[in-house]
Amino acid sequence: MKSFSRGILALIIVSTILLLSDLQNRNKKNVIQRSVGQVGSEAVAGKKYLLGLCYFAPEASHDQLLAGLWKRLGELGFERGRNLTVTESHSNGEIGNISPILLNMDNLSFDLILVTSTPCVTAALNTVRKHQVAFTYCSDPIAAGAGKSFKDHSRGITGIGSFPPVEKTIQFILETIPKTKKIGTIYNNAEANSRSVVNLMRKVATQKGFELIEVPVVNTSEIFQATQAILSKGIDALYISGDNTCTQGFDVIAGLCTKNSIPLVTNDKELVAKGALAAIGPGWNGVGYHTGDLVAKMLNGVSPDNIPLENFANENIEINMEKARILGLTIPKEFLSSSIPLSEAKKYKFAFVHFADSPMSEDCESGLRKALEDHKLREGTDFAMKVYNAQGDIATLNSIAGSIGSQTWDLVFSASTPTAQMLVKKLPGYKIVFTNVGDPQAAGLGKSFTDHLPNICGISTMSDFDGMIGMIRLLHPGIRRIGTVFTPGEINSVSYKTHLEEASKKSGLELIAIPANSVTEVLDAANELVSRRIEAFCQISDNLIGSCSSAILKVSLSSKIPFYGFVSGLLGQGAVAVCARDYFQSGYEAAEMGIEVLSGKDPSNIPYRYVSKTNYLVSRKNAGIFKIDIPESVFKAFPKLKIEK
């Protein structure tokens, strides 16, 4: 019994010792987890950093990438030779040499291993076990094996992908070289990025109706023979994408193309100086600069498991005009206007999403562009903006959100309620600025203008319903019944109808509201309002009505029932008067709000705001058609009222 008791006591003592000894480790782990969540991009004072760099081979594009990377790291306080020691090694253009290099690096002491190029990414995934890995200079990280998706990626590694604009490059070839029937390409089939690009080339070839001639190579020693072979097949142009093997042998390819007067097009602008006609693709200096922030965070201990993969490729076009002259080619204006060298500094990347074609949405975009211009942000030099339009289709809008979510953006601008709702749902990690949203609260974007979703801010264009009703009453003494068409499927439309009902009720008017869910139903709804004996159309604005308001205006004219609206452009189409928020101003103020975000202000700390300007307009001509007199009382009630002849 005593022996048994001594055994139990010994077990308790050992367990206690183990728990106490592990307590320090567990506390240390918690401290590390907390510090990772708080860590920034800037170098920690007094700390020395060790970085291992593995790349495929020296080349001009890679040199530009590293120049951008070192510049950004220097800005963040990581200076080579002072607090940052970099151990570099390359495989001399041989894929088989990469794994031994990485295996050796994995046995050394580094804060981070950085790999560049697709073969190095693939090798790192199979070789590195003791270190965390960052990558860049890679076309397709998914094809390289880095994960199932940009969010669901392999543990211990993350980075920046830069997929080349294959479709635009082929478009350039087809438009620049008339009657193109055959486009050739040379690539190393062992490179995953090259396989991805060539697969896309094949699809585009089928769509565009040209023949793609492919010649694979294994290493640089085969480049000369492969180029001779493909030139003998009657190709009209040769397209070399970001294949590492071909980049190493590019001088040979360019020399043979020049000798045979065959246009050579690539995706690396640094190769234009080596004999290419044109390059359409990422500016590698900008990619390297962008990568600097990721590398800095990981040097400071942020786990790659918590960082999604990115696709970053600022589109850049560079053309050798002398080469075009020698080949007798005329470069289309659309490519010349886009041929602007990338700035060494950061170039912002914006997305702008329309739900449908409408005057309001177009005005918002125009105002936004004007504000960016006024703030000295030049398109092409200081920012690139890609504009999307869902053409009124929710499924298309969903696809657009998915496309945006697979890329990196500094800001995403939304120009309607449906787009704001979709983007904030699909892109929780992106900074979004909306315009042309009537009721942000009804749209689910926040409880109030100050208590709203954290990653979004913007400008509300809620209509001045009280002002409109006041104007109608002054122009139509004794009026009792007005009508409007609304769209039940649009939250903003339902909200507008409710606000118009409240304003009408306060003024003693009856509002007849008829629902419509399609363009054809809008016309039927307008005729239904006429049959209900309304005395004026007071038409709210939404995405559906904005695309077919002309149908209601025709009914207004044929039935001799005056039309009042909330969009300035309707005055020129037959409206007697409009009480319109200035959508141009809304876009302008949204851009200014976006600039606040770019300057470092958190969107969650920026309250939603109403657009600051409203236009009150009356058409004397249209009023005359409906035999409406414009009394002096209207000018007294609306001092800023403008009369259009």
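Computed from a prediction, not measured in an experiment: that's the story for all the values here.
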Legend entry - Heavy-atom pair of closest approach, residues D542 and M360: O-CE, 4.1 Å
Inset, instruction - Let me see the working for D268 and T266 under side chain to side chain donor-acceptor pair (under 3.5 Å), right down to the final yes or no. - result: CA-CA 6 Å; D268 292 346; T266 181; 4.9 Å; no
Legend entry - Backbone of E528 reached by a side-chain donor or acceptor of S531 within 3.5 Å: yes
Legend entry - Atom of P562, atom of S556 and distance for their closest heavy-atom approach: C-OG, 3.8 Å
Legend entry - Salt-bridge criterion met for R369 and E379 (N-O under 4.0 Å): yes
Inset, instruction - Answer yes if the ring centres of F434 and F413 are under 6.0 angstrom apart, and no otherwise. - result: no
Legend entry - Validation row, ring centre Y610 to ring centre F449 under 6.0 Å: yes
Inset, instruction - Taking all heavy atoms of P607 and all of M593, pick out the closest pair and write down the distance. - result: O-CE, 3.8 Å
Legend entry - Heavy-atom donor-acceptor pair, N455 side chain to Y430 backbone, under 3.5 Å: yes
Inset, instruction - Measure the spacing between CG of N267 and OG of S162 and express it to the nearest 0.5 Å. - result: 11.0 Å
Inset, instruction - Would you please indicate if the ring centroids of Y388 and F352 are separated by under 6.0 Å? - result: no
Legend entry - Near-ring test F563/F626, centroid separation under 6.0 angstrom: no
Inset, instruction - Could you list the residues that satisfy salt bridge (charged side-chain N to carboxylate O under 4.0 Å, His left out) with E501, not counting sequence neighbours? - result: K497
Inset, instruction - Heavy atoms only: give me the nearest S619-A575 pair and the separation to one decimal. - result: CB-O, 3.8 Å
Legend entry - Step-by-step side-chain contact (heavy atoms from CB on, under 4.5 Å) determination, Q573 to S549: CA-CA 9 Å; Q573 300 179 43; S549 54; 4.1 Å; yes
Inset, instruction - Determine whether the side chains of S495 and T498 contain a donor N or O and an acceptor N or O closer than 3.5 Å. - result: no
Legend entry - Pair K431 + D410: basic N to acidic O under 4.0 Å: no
Inset, instruction - Kindly indicate, with the supporting measurements, whether the criterion side-chain contact (heavy atoms from CB on, under 4.5 Å) is fulfilled by N311 and T408. - result: CA-CA 6 Å; N311 188 74; T408 301; 5.6 Å; no
